[in-house]
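Single-structure report; data block below.
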Amino acid sequence: LTIKRRLQINALVVGLAMIVMLFIIIYEARVMLKLNETIQYAEELDIHELSMRKYEKDFLFYKDESKLALFDKEYQQLQVKLDKLKVLSNELGIATADVNQFGVLAQKYYDDFQVVVEFQRAIGLHPKDALYGELRSAVHQIETLLNEQDNYQLLTLMLQLRRAEKDFMLRLDIKYLSRFEGIANDLEQQIKSSSINSSTRNELVSLLSSYESKFTALVDAQKSLGLDLDSGALGKMRVSVKKSDEVVSRITSATKQQVT
């Protein structure tokens, strides 16, 4: 081969090598872009879930139903980001199982919160609502009739009964149910042995029974909701949230390892 031909071949080889290098650089740049997008979407999932947690706590603390729409909005945005993350995860072959698991856990958290909301609605969103309202009405009826009897012994027991009720609502400790039942039993015996006329006695016993049943229903509903963050529907929801937090961390970590 002549020198000129050799130079032409060398130039062609170098040109082809440069084209191959260019394609490799473009490919790696696209992969890197997708990896960064994956990290971004994973972190955004975490942000949306944190926002859901905020609205969840706002609802439970303030009993404000307007927070439910905001919770739903965050969940819908989370689903949009999750769909994009699934596509990238499948393309890159990174953390596909974790991404799918997060979708399941996010749905479970959403469903668990709906259960929590229904229990809270059953209990009441304000003092005159649902079981709160029924209990309030039952208390008002028996207190009104007791006040008309001018019997301080019965009134004292009634005050102790109300204290046990308030203590339960304040501390959510099941021991106050037993205390309430003991005082209610004493009050019933005192009513039956009092000098109040039989018609009024029977009415008082009936009203006391209604008050006791309403309070027991409230306690049962609160137990179903949860006496603390680790029990009842609240405890179940907390488990879902904790698991999803761990999965998001794994997704982000696995993606960042590919970048480095």
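All heavy atoms count here, side chains included; hydrogens, waters and symmetry mates do not.
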Does the side chain to side chain donor-acceptor pair (under 3.5 Å) test come out yes or no for Thr200 and Asn197, once each step is laid out?
CA-CA 6 Å; Thr200 304; Asn197 68 74; 2.9 Å; yes
Verify side chain to side chain donor-acceptor pair (under 3.5 Å) between Asp72 and Tyr110, making sure each step is shown before the conclusion.
CA-CA 8 Å; Asp72 287 347; Tyr110 180 85; 3.1 Å; yes
Test side chain to side chain donor-acceptor pair (under 3.5 Å) on Ser240 and Asp112; report intermediate values, then the result.
CA-CA 8 Å; Ser240 300; Asp112 287 345; 2.8 Å; yes
Under the salt bridge (Lys or Arg N to Asp or Glu O under 4.0 Å) rule, what do Glu165 and Arg162 come out as? Steps first, then yes or no, please.
CA-CA 5 Å; Glu165 170 204 326; Arg162 293 303 310 280; 2.8 Å; yes
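Sparse packing is recorded around NZ of Lys236, with 12 or fewer heavy atoms of other residues, nucleotides or ligands lying under 6.0 Å away. Environment of NZ in Lys108: crowded, with over 12 heavy atoms of neighbouring residues, nucleotides or ligands closer than 6.0 Å.
Ion pairing of Glu56 with Lys67 is absent here, as no side-chain N (NZ or NE/NH1/NH2) approaches a carboxylate O to less than 4.0 Å. The existence of a salt bridge linking Arg163 and Asp167 is excluded, since no basic side-chain nitrogen approaches an acidic carboxylate oxygen closer than 4.0 Å. The existence of a salt bridge linking Glu118 and Arg121 is confirmed by a sub-4.0 Å separation between a basic side-chain nitrogen and an acidic carboxylate oxygen.
Partners of Ser244 under the side-chain hydrogen bond (donor to acceptor under 3.5 Å, both in side chains) rule, at least two apart in sequence or in another chain, are Glu49. The ring-ring contact (aromatic ring centres under 6.0 Å, His included) test applied to Tyr41 returns no partner, not counting sequence neighbours.
Proximity of the aromatic rings of Phe180 and Tyr211 is defined here by a centroid distance below 6.0 angstrom, and this criterion is met. Not less than 6.0 angstrom separates the ring centroid of Tyr75 from the ring centroid of Tyr55.
Screening residues 121-147 for ring-ring contact (aromatic ring centres under 6.0 Å, His included), with sequence neighbours left out, gives no hits.
With Lys192 as the fixed residue, the side chain to side chain donor-acceptor pair (under 3.5 Å) test singles out one of Glu188, Gln190, Gln189: Glu188.
At a cut-off of 3.5 Å, with distance as the only test, a side-chain donor of Arg250 or Gln101 sits close to an acceptor on the other residue. For the 3.5 Å distance criterion, the side chains of Ser231 and Asp228 qualify, holding a donor opposite an acceptor. In the model, Asp111 has a side-chain atom that pairs as donor or acceptor with a side-chain atom of Gln107 under 3.5 Å.
Of the possible donor and acceptor atoms, none in the side chain of Asp220 sits under 3.5 Å from a partner among the backbone N and O of Lys223. Between the side chain of Ser213 and the backbone N or O of Ser210, at least one donor-acceptor pair lies under 3.5 Å. In this structure, the side chain of Ser89 does not engage the main chain of Lys86 through any donor-acceptor pair within 3.5 Å.
Interatomic distance, Gln160 CD to Asp186 CG, rounded to the nearest 0.5 Å: 8.5 Å. Separating the NZ atom in Lys81 from the CD atom in Gln40 is a distance of 7.5 Å, to the nearest 0.5 Å.
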